[in-house]
Amino acid sequence: MVNTNSQAKVFAVVIAIVVAAAVLAWLFREPMRRGYEDAMFALDHTAVRAVRYGERHFTALSPAEYDVDRAEYFFAEALRLDPSSRYALHELARIAFLKSDFGLAESRIDTEIAVYGKENPNAYYVRALIYGYQGRYLDAAKDYETYFKMTPATWGAINDYSWVLLKAELPEGALAALEWGLKEWPGNPWLLHNQAIALYELQRYEESAAAAALALAGAETLTREDWLVAYPGNDPRVAAEGLATFRAAAAENLAKAEAAQ
């Protein structure tokens with residue numbers, strides 16, 4: 001006769017072991033992955049592998065892998081192993097910018113531009129961002145304009161360009177840039193958001209309210225994935241907060257423009 005109580009106990013023990021193994025695997029998955037990565041890097045201690053690992057840890061589109069400190073380590077290693085390693089210094093400048101170390105970021109991107117500026121238009125985009133956050137808005141605008149001359153514009157670059165023009169108190173220029181962008185990307189909530197601000201600054205309140213309403217409607221439909229695509233170097237853990245902040249700003253713009261009419 002089968003002892004069902006014994007079977008149940010054995011089954012419970014097996015389940016407990018399986019669950020414990022799963023929990024341990026979950027807890028140690030990151031150290032194990034990093035250990036494997038470190039071991040492979042030790043075996044193939046090259047700048048090429050270092051850049052590959054750095055890029056792996058520096059994209060918001062792979063949230064499980066994102067680790068800006070680990071990315072910085074690998075890019076620094078790439079540069080140490082091969083001072084001519086392409087884009088390593090560029091990425092180190094971006095990381096310093098994200099860490100708000102603007103002086104270091106500027107120094108790094110200046111070197112990148114001096115060496116590879118004609119081959120890397122994105123370096124001017126990065127320096128424009130750095131200048132913008134330092135309050136050097138006209139310098140930032142010049143670098144955005146250089147970027148536009150070298151490569152097809154993106155809506156993000158146009159939006160950032162309009163932001164520095166707004167900060168420089170040049171709403172007419174910002175509005176012209178945004179209208180250019182909206183021809184290519186109609187309905188883009190970021191462009192509409194800045195358009196509403198530019199129109200408000202020009203005291204065109206009814207048009208500002210219309211743009212702000214469209215921006216808010218668009219912001220409400222944005223997903224976490226949309227945010228990660230728009231800000232690929234940023235920490236994916238702040239995507240929800242970023243979306244909430246953007247929606248709140250769009251709502252505030254609308255209320256402000258409506259009140260001014």
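Residue indices begin at 1 and follow the sequence shown.
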D69 CG to I95 CD1 distance, which is reported to the nearest 0.5 Å: 8.5 Å
F75 and F58 aromatic ring geometry - parallel, tilted or perpendicular at 30°/60° bounds: perpendicular
Side chain to side chain, E179 and L175, heavy atoms closer than 4.5 Å: yes
Gap separating the CD atom of E201 from the CG atom of L170, nearest 0.5 angstrom: 11.0 Å
From OH (Y161) to CG (D143), nearest 0.5 Å: 11.5 Å
Hydrophobic cluster identity match, F74 and L92, side-chain contacts under 4.5 Å: no
Parallel, tilted or perpendicular: rings of W163 and Y133 (30°, 60°): tilted
Cluster link L98 to Y131, ILVMFWY, side chain under 4.5 Å: no
Ion pair R94/E72, N-O distance below 4.0 Å: no
From CZ (R49) to CG (D44), nearest 0.5 Å: 4.5 Å
R247 (side chain) donor-acceptor with A219 (main chain) under 3.5 angstrom: yes
Point-to-point distance, once rounded to the nearest 0.5 Å, from CD of Q261 to NZ of K256: 14.0 Å
Cluster overlap Y73 with V48, hydrophobic side-chain contacts below 4.5 Å: no
Atom CD of E241 with >12 non-hydrogen neighbours under 6.0 angstrom: no
Exercise: identify the closest heavy-atom pair between A47 and A78: CB-O, 3.6 Å
Taking every non-hydrogen atom, the tightest pair across V164 and A140: CG1-CB, 3.8 Å
Carboxylate-amine/guanidinium proximity below 4.0 Å for R70 and D67: no
Over 12 foreign heavy atoms within 6.0 Å of CD, E206: no
T111 side chain vs S107 backbone, donor-acceptor pair below 3.5 Å: yes
Whether N194 side chain and N159 backbone form a donor-acceptor pair below 3.5 Å: yes
Counterpart residues, side-chain contact (heavy atoms from CB on, under 4.5 Å), relative to R80 (two or more places apart): H45, E77
Separation of M150 CE from T146 OG1 (nearest 0.5 Å): 8.0 Å
L222 side chain reached by P189 side chain, heavy atoms, under 4.5 Å: yes
Centroid-centroid under 6.0 Å between Y66 and H57 rings: no
Side chain to side chain, W190 and F246, heavy atoms closer than 4.5 Å: yes
Pair Y144 + Y124: ring centers closer than 6.0 Å: no
Verdict with reasoning, R127 to R136, per side chain to side chain contact (heavy atoms under 4.5 Å, CB included): CA-CA 11 Å; R127 192 168 68 178; R136 297 166 60 181; over 6 Å; no
For I109, the option from I130, L129, L104 that meets side-chain contact (heavy atoms from CB on, under 4.5 Å): I130
Heavy-atom neighbours of Q134 CD exceed 12 at 6.0 Å: yes
D160-Y125 side chain donor-acceptor pair, cut-off 3.5 Å: yes
Side-chain ion pair, R237 and D235, N-O less than 4.0 Å: yes
Neighbour count >12 (heavy atoms, 6.0 Å) for atom CD, E119: yes
Check: F148 ring centroid to W180 ring centroid under 6.0 Å: yes
Contact summary for A71 and G54, nearest pair of heavy atoms: CB-O, 3.5 Å
Side chains of H90 and N122, donor plus acceptor under 3.5 Å: no
Donor-acceptor contact present, side-chain D226 to main-chain T223, <3.5 Å: yes
W155 reachable from L166 in the ILVMFWY side-chain graph, under 4.5 Å edges: no
Passing candidate, side-chain contact (heavy atoms from CB on, under 4.5 Å) with L192, options L178, I197, L214: L214
Considering all heavy atoms, the nearest S85-L79 contact: O-CD1, 4.4 Å
Electrostatic pair R108:D101 at N-O distance under 4.0 angstrom: no
Connected via hydrophobic side-chain network under 4.5 Å: L191 and L254: no
Ring-face cation contact, Y116 with R86, 6.0 Å cut, 45° max: yes
Chi angles and distances behind the side chain to side chain donor-acceptor pair (under 3.5 Å) call for E55, Y87: CA-CA 10 Å; E55 296 291 1; Y87 299 113; over 6 Å; no
Nearest atoms (heavy-atom pairs only) where L165 meets A141: CD2-CB, 4.1 Å
Minimum heavy-atom distance I113-A123, with the two atoms named: CG1-CB, 3.6 Å
Under 3.5 Å: donor-acceptor pair, side chain of S208, backbone of A196: yes
